[in-house]
Amino acid sequence: MARLETPEALESFRQEILSRRDPDSPCVSICAGAGCVASGADEVIAAFEKEIEAKGLSATVSTKGTGCPGFCEQGPVVVIYPEEICYLQVQAKDVPEIVAQTIENKQVVERLCFKDPATGERAVKESDIPFYRSQQRTVLCNNIKIDSKRIEDYLALGGYAALAKALGQMTDLEVLEEVKKSNIRGRGGAGFPAGRKWEGSRNAKEPIKYVIVNADEGDPGAFMDRALLEGNPHSILEGLILGGYAVGAHEGYFYVRQEYPLAVKNIHLAIQQAEHYGLLGENILGSGFDFKVIVHQGAGAFVCGESTALMTSLEGKAGEPRPKYVRSNVKGLWERPSVLNNVETWANIPLIIDKGADWFTSVGTDSSKGTKIFSLVGKITNTGLVEVPMGMTLREIIYDIGGGIPNNKKFKAVQTGGPSGGCIPEHLLDLQVGFDELTKAGSMMGSGGMIVMDEDTCMVDVARYFIAFLTDESCGKCVPCREGLRQMHRILTNITKGKGKQGDIELLEELAETAVEASLCALGKSAPNPFLSTLKYFREEYEAHINDKKCPALACKELINFYIDPDRCTGCGTCRKQCPADAINGDKNLIHIIDQDKCTRCGTCFEVCPPKFASVVKLSGEPVPDPVPEEARTIRKKTKEKG
Amino acid sequence: MGDIQFEIDGQTVTAVPGMTVLEVARKHGIYIPTLCHHEKLEPFGGCRLCIVEVEDRGWTKYVVSCVFPAAGGIIVRTRSEKVDRLRKTILELLMAHAPDAPQLVELAKVYGADPNRYESDPSFCIHCGLCVRYCAEVARKNAIGFVDRGINKEISFVPEIAAQYCNDCKECFPLCPTSYLQAAFVYAQAMTFPGAGHN
Ligand SMILES: Cc1cc2nc3c(=O)[nH]c(=O)nc-3n(C[C@H](O)[C@H](O)[C@H](O)COP(=O)(O)O)c2cc1C
Ligand code: SF4
Ligand code: SF4
Ligand code: SF4
Ligand code: FES
């Protein structure tokens, strides 16, 4: 197949691809995303290929490794079309059974289907699984249908139709107007309206302009952008070309972190394929519009995701933020107008152009339109990627989709917005997710990290943890961030160690104000958020640590003691045998006691004491009772006598 | 022609496009403290001491004057309760590293900064970048640079270059607000390029 010279040629090529595919013949999609590969997806794919070959089904059944559909917790995920039967945690040894039962006999292999832990009911189809049922997957939904190495898969699903429409039927200004009308706000951080950013670049005097994909994804634990880059690279590429057309740029960049080699590979391949078909390069689809794309691998510092640092890094210099007050969309890369948007933002653009701004704005809240992908992790039953309409409440995300908190623990807070986001407490669980809603609650949308915390989490320690991360990641250029965070980290560490002093909270507040108001870039400006939000909602925990040397969540090692309840200890000896510090004294029929001087507070005893005895308790802020006197330590077998 | 008019501390000032608020203030004899600024060097915006309050169409914001472009109609306040408080904290943070640096001691008096407010960690360099930028932009030797990032960031001489040029130049030495540079040089010389020219 040669270059496609017109939008019509693209359309007939698409029809040709579709006509070669029988919608009724079985297709086995196996997620080949990072999470599933880690749990054995490659072997599963190989097993399917082998089994299908061995049974002589190759002509009618197709197999493909696809992008990540989000339910990584339950991987490897296999979906069998056209019935959309979804199997979870599939291993290579399950494959012959699946082929024989499901593909040859159209029978469902029940044991591989999702089982609702509450009701025990099985869900056969992907869309019946509660994790997926409440989601609205407009951006992510194609991942499981696409082999990201094949442009035909993307084309079959209507890919590049938006580009054909834009170049064939719309002026560049109309494309811009449509994006403006959609009110889409950036998915990577601050939530700036993309259309306004584009317009600023378009109207800037300098004729050479750039469009850039921020694929740095520096937030630890977040993998939304990665899933899209690896699973559906053409959607981002198409968005970027559309952006170039709308603002008048002829050059685009992918700034991808080095740690994503598969993403880099897939993008390169996507670019090659798009060029091959004339969807990229000179005179795209015969429209006269030229556009080329360059891939740049970033060195992977968190701060490189910041817009001015990213551009400095693209220019080949050290990735440090610039102290400028002129926006990058007017003076960015090489001092030229540059539109920088997040991966997910770009991936939404073809949908907006294809389906129209009205379709896009029909979903969401007043000020936040469309859907948002979150990476749901932490103390939650179903971890993974979820895509929901803006305006869904945190409660719905955490309980309906996430399946709630495991082990009957109580919800404590959800941290949103990445390392410099904030913690939202239980009484705000009915908050609707949206840019302004989260900011008002003292947190932020950020790029969509969502970490659920249960009652065992100490909020002071959480603040310490995130400030530690940001201290490490600060570029060190400006004083409020470099020195302010260093001191905040010191003070927070002291508090969690029981060395907090009166006045520490005020000192932290002062440092936070200085960082927020005086830092050079948004890293420093938002870094105090973890502290400020935990102080706002959990001030009593700070006070307990400082005033009473007590950790209410029983989490701060230096502030807790382990104690064996003499009334519950059965002398089973489990803790004694496993204590790495040799701190437990006891014997058969003898109540065990912990030598507090030897105890390192590793918590092993607490973990290993059999749940039916649960004799090890944690204490904080209260004296450890004296050990049982020697003469009272013998355990009399009351239960045996009764039984 | 093309003049911009605005207000600093109640005084009407004029500027031409492209000037920073700091430049305009200096031109009019209005004092704003700086540590990392130097007329001959590209603005760095690292120390943040030159922060001022700007009222622009009813919005109040805090900006560093060494890079903030002069604009018509803005109202600049070089001192306010909050500006002073921010400067005080910045000075206190720096004094944890360089408690005796004359410029810091002087400024501490003005802003009531307590040199012992934060746990001290005398490492002396305050990362103003003057030496690094002077060597790169004026001396054009790049004999010194920053290495590492965040709280581990340090200045470091490039031995091969420093051995060749520094002894005859030393132009950056007087710029250093803490005299750490000199110590670092002597140390680097002893460790990595001994004998390369004595005075
Ligand atoms: C310290 C820091 C790190 C950031 N990291 C990222 C990132 O990894 N990916 C991203 O898209 N945006 C990141 N951002 C936000 C970007 O600076 C920028 O706002 C965004 O890429 C713009 O795209 P959007 O409007 O589509 O969100 C970061 C911002 C800061 C301050
Ligand atoms: S705020 Fe932090 S990351 Fe940003 S420039 Fe200052 S030191 Fe660097
Ligand atoms: S906490 Fe660890 S060190 Fe302490 S008694 Fe239990 S097992 Fe031993
Ligand atoms: S050595 Fe002196 S001049 Fe150089 S960065 Fe440090 S404080 Fe500034
Ligand atoms: S003089 Fe402006 S930031 Fe240092």
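Here is the naming used below: chain letters follow the sequence lines, and residue numbers restart at 1 for every chain. Just so it is clear, the structure is predicted and the values come from calculations on it, not from any experiment.
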Could you walk me through whether B:Leu93 and A:Leu511 pass the side-chain contact (heavy atoms from CB on, under 4.5 Å) check?
CA-CA 9 Å; B:Leu93 286 169; A:Leu511 289 165; 3.7 Å; yes
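- Around atom CZ of B:Phe173, more than 12 heavy atoms belonging to other residues, nucleotides or ligands sit under 6.0 Å away.
- B:Arg85 contributes atom CZ, which lies 7.5 Å from atom CD of A:Glu510 (distance to the nearest 0.5 angstrom).
- Within 6.0 Å of NZ on A:Lys497 lie no more than 12 heavy atoms contributed by other residues, nucleotides or ligands.
- In this structure, B:Glu92 and A:Gln487 have side chains that are not in contact, with every pair of non-hydrogen atoms separated by 4.5 Å or more.
- Heavy atoms closer than 4.5 Å to chain A are found in the side chain of B:Ile51, but not in its backbone.
- Among all heavy-atom pairs drawn from B:Gly45 and A:Pro323, the shortest one is CA-CB, 4.1 Å.
- Within 6.0 Å of NZ on A:Lys549 lie more than 12 heavy atoms contributed by other residues, nucleotides or ligands.
- Within 6.0 Å of CD in B:Gln182 there are 12 or fewer heavy atoms belonging to other residues, nucleotides or ligands.
- For A:Arg490, the part sitting under 4.5 Å from any heavy atom of chain B is the side chain, from C-beta outward, and nothing else.
- The number of heavy atoms from other shown groups lying within 6.0 Å of CD (A:Glu315) is above 12.
- Nearest heavy atoms, A:Gly476 versus B:Lys153: O-CD, 3.6 Å.
- Looking at A:Lys477, the atoms closer than 4.5 Å to chain B (heavy atoms on both sides) sit in the backbone and in the side chain alike.
- Rounding to the nearest 0.5 Å gives a distance of 9.5 Å between OG1 of A:Thr514 and NZ of B:Lys82.
- If you tally non-hydrogen atom pairs under 4.5 Å between each of B:Tyr118, B:Tyr62, B:Phe44, B:Phe68 and chain A, the highest count goes to B:Tyr118.
- In this structure, the portion of B:Ile126 lying under 4.5 Å from any heavy atom of chain A is its backbone and not its side chain.
- Considering all non-hydrogen atoms of both residues, B:Arg48 and A:Ser519 come closest at NH2-O, 3.3 Å.
- Around the CD atom of B:Glu39, the shell of radius 6.0 Å holds no more than 12 heavy atoms that belong to other residues, nucleotides or ligands.
- Counting non-hydrogen atoms of neighbouring residues, nucleotides and ligands closer than 6.0 angstrom, the OH atom of A:Tyr465 reaches no more than 12 such neighbours.
- Judged by distance alone, the side chain of A:Arg482 and the main-chain N or O of B:Asn152 form no donor-acceptor pair under 3.5 Å.
- Rounding to the nearest 0.5 Å places NE2 of A:His489 at 8.0 Å from CD1 of B:Ile151.
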Is there a salt bridge (Lys or Arg N to Asp or Glu O under 4.0 Å) between B:Lys61 and A:Glu517? Walk through the geometry before answering.
CA-CA 9 Å; B:Lys61 52 187 176 185; A:Glu517 294 291 359; over 6 Å; no
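- Listed here is the closest heavy atom pair of A:Tyr325 and B:Val67: CE1-CG2, 3.5 Å.
- Using a 4.5 Å cut-off between heavy atoms, A:Glu473 touches chain B through backbone and side chain atoms alike.
- Proximity to chain B (any heavy atom under 4.5 Å) is shown, for A:Glu513, by both the backbone and the side chain.
- No more than 12 heavy atoms of other residues, nucleotides or ligands lie within 6.0 Å of NZ in A:Lys440, so this atom counts as exposed by the packing criterion.
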